[in-house]
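Just so it is clear: chains get the letters A, B, ... in the order the sequence lines come, proteins before strands, and each one is counted from 1. Since we're looking at a predicted model, the values are computed, not measured.
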Amino acid sequence: MLVDALRDDFVFGSKGVQFMPYTKYLMEKGFAHNFIAEAKPPTVTMPRIKALMTGSIPGFIDVVMNFNSPVLLEDNLIGQAKAAGKRVIFYGDDTWIKLFPKHFVEYDGTTSFFVPDFKEVDDNVTRHLDTVLKREDWDILILHYLGLDHIGHLTGPHSSLIGPKLKEMDYILKKIHISLLSKEKEASLPHLLVLCGDHGMSEAGGHGASSVEEVSTPLLLISSAFHRKMGNLQPPKHVQQTDLAATLAVGLGLPIPKNSVGSILYPVVEKRTMREQLRFLHLNSVQLSRLLQENVPMYEKDPGFQQFKVSEKLHGNWIKLYLEGNNSEVLLNLGKKVLKQYLDALKTLSMSLSKQVAQYDMYSMMVGAIIVLEITILLLLSTPKALCQNAAFEIPLSSSSFSLLFYLMVLILSAVHVIICTSAERTCFLCSISWLMAVGVMMLISALLCVIVALLTKTFENVRPSAQNLAASSSGWSELDLLILFGTLGHVLSLGASSFIEEEHQTWYFLINTLCLALGHEVFRNHFLGKDLDHNLAVEQNIKKNAKNVLQYKNDYVDVPETSKIYKASSSMELLPKVYEKWLQLASPWFILICCRLLRTLNQTGVQWAHRLDFGHWLTSSDHKIELSVLTCLSLIMIFVLVQRRCSSVSKVAMALGLLGVFCYRAAIGNVLLPWQRDRKSISKGIIEARFVYVFVLGILFTGIKDLLKSQIIFADVSIKSLGLWDIYNGLVLLAALLLRPHNLPVLVFSLLIQAVMTKFIWKPLKHDAAQVTIMHYWFGQAFFYFQGNSNNIATLDISAGFVGLESFIEVPALFLTVFATYIGPILWAIHLLSFLSSENNRSSAISHASFCYALICSIPVSAYIILVTSLRYHLFIWSVFSPKLLYEGVHLFITATICVFFIVMDQTNLIKP
Amino acid sequence: MGERLQGSTMKDADIKRLFYVHIFCIVSIILTTFIPSFFLEDFSVLETHLTWLCICSMCVAIINVVLYLQVKPNPSSKRSSIFHKISRLLKSCVYFFISCLLFHAIIVLYGAPLIELMLETFLFAVILSTFTTLPCLCLLGPNIKAWLRVFTRNGATSIWDNSLQITTMSSVIGAWLGAFPIPLDWERPWQVWPISCTLGATFGYMAGLLISPVWIYRNRKQLTYKSR
C-alpha cells in the first residue's frame with residue numbers, strides 16, 4: 001500500500017499518534033518493522049516508483065536503458081513476479097499502468113493530473129478493496145493512494161485536511177490487515193503488508209527537490225511473522241528506499257532485480273535460521289558485486305568487493321562446519337562473524353554503487369570545448385572585415401611574431417597532456433589515441449590561440465579610426481537587424497533551460513512569426529510612406545532640408561529614387577499588374593504567417609503539448625486514407641508546379657516522372673490508395689518504385705553538376721551556373737518528397753511556396769543584403785526542421801527513411817538517408833539560399849558573405865551550448881534532455897560544415913574566372 | 001530668444017501634465033488589482049483573471065478617454081457639428097473593434113489555440129488594444145494618416161506623440177516577452193494562457209507610462225518638433 005507524499009512524521013510523529021491509531025498499535029505490539037526510507041531526488045512519483053520496484057537509482061542506470069520509452073524495461077519486481085506466475089493486482093495512480101502495461105491481471109488507474117480532487121481519487125481505489133480482499137485469486141495487491149499528495153499540493157502539510165485523510169488511510173490499513181489475519185488461518189505462508197510513501201512533502205506542500213522533508217518517507221513492514229518485543233519502541237532506522245526491492249524479492253522468493261543497488265533490510269530476516277539469513281545476504285551481495293563489476297572498471301580494488309570476497313570465504317567455512325553437523329558454540333560464533341562481515345560488505349557495496357554517478361572524461365571535453373570556442377571567437381572577431389565590401393579577411397597564420405608564443409603553447413600543452421595522461425585513473429579518449437594525433441590537436445589549439453591573439457592586437461591597433469565607423473554603422477541598424485540580433489541572443493540564452501530545449505520549436509515559431517511581422521511592417525512602410533515621400537518630394541522640392549531628413553531616415557533599407565526607377569523599368573509596360581503586385585506584396589507576410597500557422601497544426605512536437613491531437617495523426621489513421629491520398633496527390637502536383645519554373649526542360653520531365661514515382665511508391669507501401677485499386681491490398685516494400693525515383697534524383701543532380709562543371713571550365717556566363725544550382729536544388733526536393741513521412745508532403749509544398757513568395761515579394765523588392773537573407777534562411781530552415789515533426793528528442797527520429805528503396809540495412813546509405821530526411825528543412829533552405837544568391841547576378845560578394853554568416857550563425861549556438869552542457873553535466877535532465885539535443889546539434893553542425901564547403905566551392909568557381 | 005524660452009517653458013508644462021496623467025493611469029491600474037475584491041467575492045488577479053481583464057481594460061479605457069479629452073494638447077480648432085462628432089465616435093468604435101480583431105488574429109497566428117480559449121484570447125486582444133489603439137484614437141482621432149506619421153521615425157510632432165510611441169511599443173514588447181515563460185515547466189498559476197502575456201502587456205504599458213515622461217524630459221533639448 002503506497003500512499004503518495006506520505007512523510008515520515010505523518011506516521012512516526014505526533015500526527016501519527018493522533019490520526020493513525022491502528023498503525024501505532026501495530027508498531028507497539030511488535031507486528032511491524034518500521035524504517036525511515038530515504039528517497040533520492042528527483043522526488044517525483046515516477047522515478048520513485050521505479051526506485052521502489054527496481055531498486056536502482058534512476059539517472060544512474062537509466063543511461064544504458066532506453067530513456068524515452070515510458071514502459072519500464074529494466075529488470076523489476078513486478079516483471080519477476082509475473083515471470084514466476086504470481087498474479088498481481090493494481091489499483092491507483094495510472095503511472096504504474098504506463099510503467100507496467102501488461103503485468104497486472106487486473107487494474108484500475110486513476111489519473112493524477114486533476115489535483116483539486118482528493119476524495120474521488122482515493123474512493124476509486126478503495127471501492128475495489130472489499131471484493132478483492134474476499135477473493136483468493138491474487139498473490140500481490142498494490143494500492144497507490146493519491147489523495148494525500150493532492151492535499152499537500154493544495155494546502156500544505158499542516159492543513160486541517162491532512163488529519164482526516166490520514167485517518168482514512170489508517171482505516172484502510174486496518175481493514176486490509178484484519179482481512180489478511182483472518183485469511184492467514186487457512187494459508188500456509190504468512191502475509192506481508194507494506195505501507196510506504198513514494199516521496200515526502202516539503203513545508204510548502206510540494207515535492208521534487210531534495211530537502212529533508214521531501215526525501216524522508218516511512219516504510220512499515222507488517223506481518224504476523226514478525227515477533228518483536230512489545231513495548232520498546234525504538235526510533236525507526238534510516239534506510240534507503242531502494243532497499244525495499246531487494247527485501248521484497250527475497251521475501252517473495254524472487255530473484256533480486258539486476259540493477260538494484262539496495263541491500264536487504266536485515267531486521268526483517270533477523271528471526272530466520274542462521275543458514276537462511278546467510279543465504280539471503282549472500283544472494284544480495286552476489287547481485288551487488290555483479291552490478292559493481294559491470295559498472296566499475298577497477299572493481300577489485302573496491303573495499304566492498306574485497307569484504308564480499310572475505311565473507312564468501314568465511315561463509316564457505318561456516319557451511320562446511322554446518323554440514324559436518326557441528327552445532328557447537330563455534331558454529332554460532334562463526335555464523336555471527338560471517339553475518340557481520342556480510343552486512344558490512346553489503347553496506348559498502350551499496351554505498352559505493354549509489355555514489356557511482358556517470359563519470360565524465362573532463363579532459364577530452366575541455367579540449368573539444370576549447371577548440372570550438374576558439375573557432376567561434378575567430379569567426380566573431382573577423383565579422384566586421386568579412387562583411388565589408390570586398391568580403392576578404394586574412395588570417396595571420398604565418399605571422400612570425402607569434403611563433404614563439406605558438407611553440408611555447410605547444411610545449412606547455414604537450415607537457416600538460418603527458419601529465420594528465422600518466423596520472424589519470426580513468427580511461428580518457430585523448431590519451432587513448434595515438435600521440436601523433438594528440439600532438440596535432442595541441443598544435444591546432446595553440447595555432448588558433450595565436451591567430452586570435454594576432455587578430456585582437458590588429459583590431460586594437462586600428463581601433464581608433466574604426467570606432468567612428470562603428471558608431472555610424474550602428475545607428476543605421478534597422479528594426480530587422482535588431483530583431484535578428486536579439487532573436488539569436490535570445491535563442492542562445494534559452495538553451496540553458498531544459499524546458500526551452502524540449503520546446504525549442506516554440507522558440508523558432510515565435511521568432512519567425514516576429515520576423516514575418518517585422519517584414520510586414522517594412523513592406524507596409526516601404527509602400528505607403530514611400531509613396532508619401534515621393535509626393536512630398538514633388539510638392540516641396542524647395543524645402544531641401546525636409547527632403548534630406550526624409551532620405552536620411554529611409555537610408556537604411558532603400559534608396560528611394562533607385563527603386564522607383566527599377567519599378568518603372570520593370571513595369572512600365574503593364575501598369576495594371578503593378579497595383580496588383582503592390583497588394584500581393586503587402587499580403588505576402590500575412591500569407592507566410594498563415595502558412596506557418598497551418599504547418600504548426602500538422603505536427604505537434606515537444607513535450608508539454610505533445611499529447612494534443614494534431615492534423616498529422618488524423619491523416620495517418622487508417623480511416624482517412626482517402627483524404628491522405630488526395631492530399632498527397634495535390635501536394636505532388638503543387639511541388640511540380642512550384643519547381644518547374646526554374647527547371648531546364650530535361651529535368652522538368654525527369655521531375656514529373658520522379659514525382660509520379662513518389663506517388664507509386666507511397667501506393668506500393670500502402671500509405672495512399674490508387675483510385676483503381678480500392679480493395680486490393682498488396683503491400684510491398686516499394687523497392688522498385690523507390691529505386692525508380694532514385695534514378696531520377698541522381699539524373700537531376702547529375703545534370704546540375706554537369707552544368708556547374710561546364711560553367712567552371714568553359715567560363716560560360718553565370719546563368720548556367722545558377723541553372724545548375726537550381727537543378728541540384730530540385731533533385732534534393734524530389735529526394736525529400738520521397739523520404740518525408742506520408743502526411744508531411746504539405747511541409748515541402750509550403751516550404752517551396754514560402755521560398756517563392758519571399759523571393760518574389762520580399763527579398764528582391766526590399767533589397768535585403770546577403771547577411772540578412774542568410775539569417776532569414778537559417779531561421780526558416782530551423783523552423784521547418786520542427787515543422788517536419790522533429791524535436792530535440794530521439795523518439796521523433798524517423799529511422800524508416802533509411803530503409804527506403806533498400807532491401808536490407810546497409811549502413812552508409814541508410815545513415816545518409818536518415819540524416820537527410822531529418823534535416824530536410826535546414827538543408828533545403830540552405831541550398832535555396834545558394835541558388836537564390838547565385839541567380840542574383842548583381843551581387844558581387846554575396847555568396848561569400850552568405851557562407852560566412854551561415855557558419856557564424858550556426859556556430860554561436862553550438863559553442864554556447866557545448867559550454868552550457870559541460871557546466872550542467874550533473875543536471876537532472878542531462879541524459880534525457882540535454883544530451884539528445886547535443887547529438888542533434890552535432891549532426892547539424894556537421895551538415896552546416898558540408899554546406900559551407902559547398903558554398904565556398906561555388907564561390908571559388910567565381911574567383912577562378914578572370 | 002524669448003520665443004524659444006516660452007516654447008521651452010510650454011514644453012516643460014506639457015511634460016508635467018503628461019507625467020501627472022501617466023501617474024494617474026498607473027495608480028488606476030494598480031487600484032484595479034484590489035479594489036474589486038471589496039465588491040466581488042474571491043476576486044484575485046490570477047484566479048479570476050478574466051474578470052480582472054475586463055475591469056482593467058474598462059478602467060484604463062475610461063481614464064484614457066476622460067483624461068485625454070481633458071488635457072488634449074490642441075483641442076479641435078473648429079467647432080464641429082454634433083453629427084460630425086457622432087460619426088467620429090462611431091468611426092473610433094469601429095476602429096477599436098477592428099484593432100481587437102487584428103490583434104486576435106495575430107495572437108492566433110503566433111500559436112494561440114484557434115477554437116478553445118477563444119474568450120481568453122479575445123480579452124487579451126482587447127486589453128492590448130486598450131493599451132495601444134485607444135490612446136491613439138483619443139489623441140489622433142480615427143485618422144490613419146496621422147497614425148502612420150506618428151509611428152515612423154522622426155514622425156512625432158509633440159511630446160504626446162512621443163509618449164504614444166513609447167507606451168505602444170513597450171506594451172507590445174511586454175506582451176511579446178510575456179509569452180516566454182509559457183513553455184517552462186514550473187507549473188505556476190500565472191503560466192496559464194493568457195495570464196503571463198496580459199501581465200506582460202500590463203507591466204510593459206506601465207513601464208512605458210513611467211519611461212516616456214522621463215525619456216522626454218531627458219531628451220527635451222534634442223526634441224524639436226516642426227509644425228505641421
Participant: Ring-plane angle category for A:Tyr509 and A:Phe787, please: parallel below 30°, perpendicular beyond 60°, tilted otherwise.
Facilitator: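 Correct class here is parallel.
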Participant: Indicate yes or no for a side-chain donor-acceptor contact from B:Ser196 to the backbone of B:Ala179 under 3.5 Å, with no hydrogens or angles considered.
Facilitator: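 No: the side chain of B:Ser196 does not pair with the backbone of B:Ala179.
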Participant: Can you establish whether the number of heavy atoms outside B:Phe43 located under 6.0 Å from its atom CZ is more than 12?
Facilitator: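 Yes, enclosed.
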Participant: What orientation do A:Trp508 and A:His491 show, parallel under 30°, tilted 30 to 60°, or perpendicular over 60°?
Facilitator: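 Tilted: the ring planes of A:Trp508 and A:His491 meet at 30° to 60°.
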Participant: For B:Ile182, which atoms come within 4.5 Å of any heavy atom of chain A: side chain, backbone, both, or neither?
Facilitator: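 When you check distances to chain A, atoms from both the backbone and side chain of B:Ile182 fall under 4.5 Å.
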Participant: Need one label for A:Ile594: side chain, backbone, both or neither, based on atoms under 4.5 Å from any heavy atom in chain B.
Facilitator: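 Both the backbone and the side chain of A:Ile594 come within 4.5 Å of chain B.
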Participant: With only heavy atoms counted, which part of A:Thr507 is less than 4.5 Å from chain B, the side chain, the backbone, both or neither?
Facilitator: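 The answer is neither part of A:Thr507.
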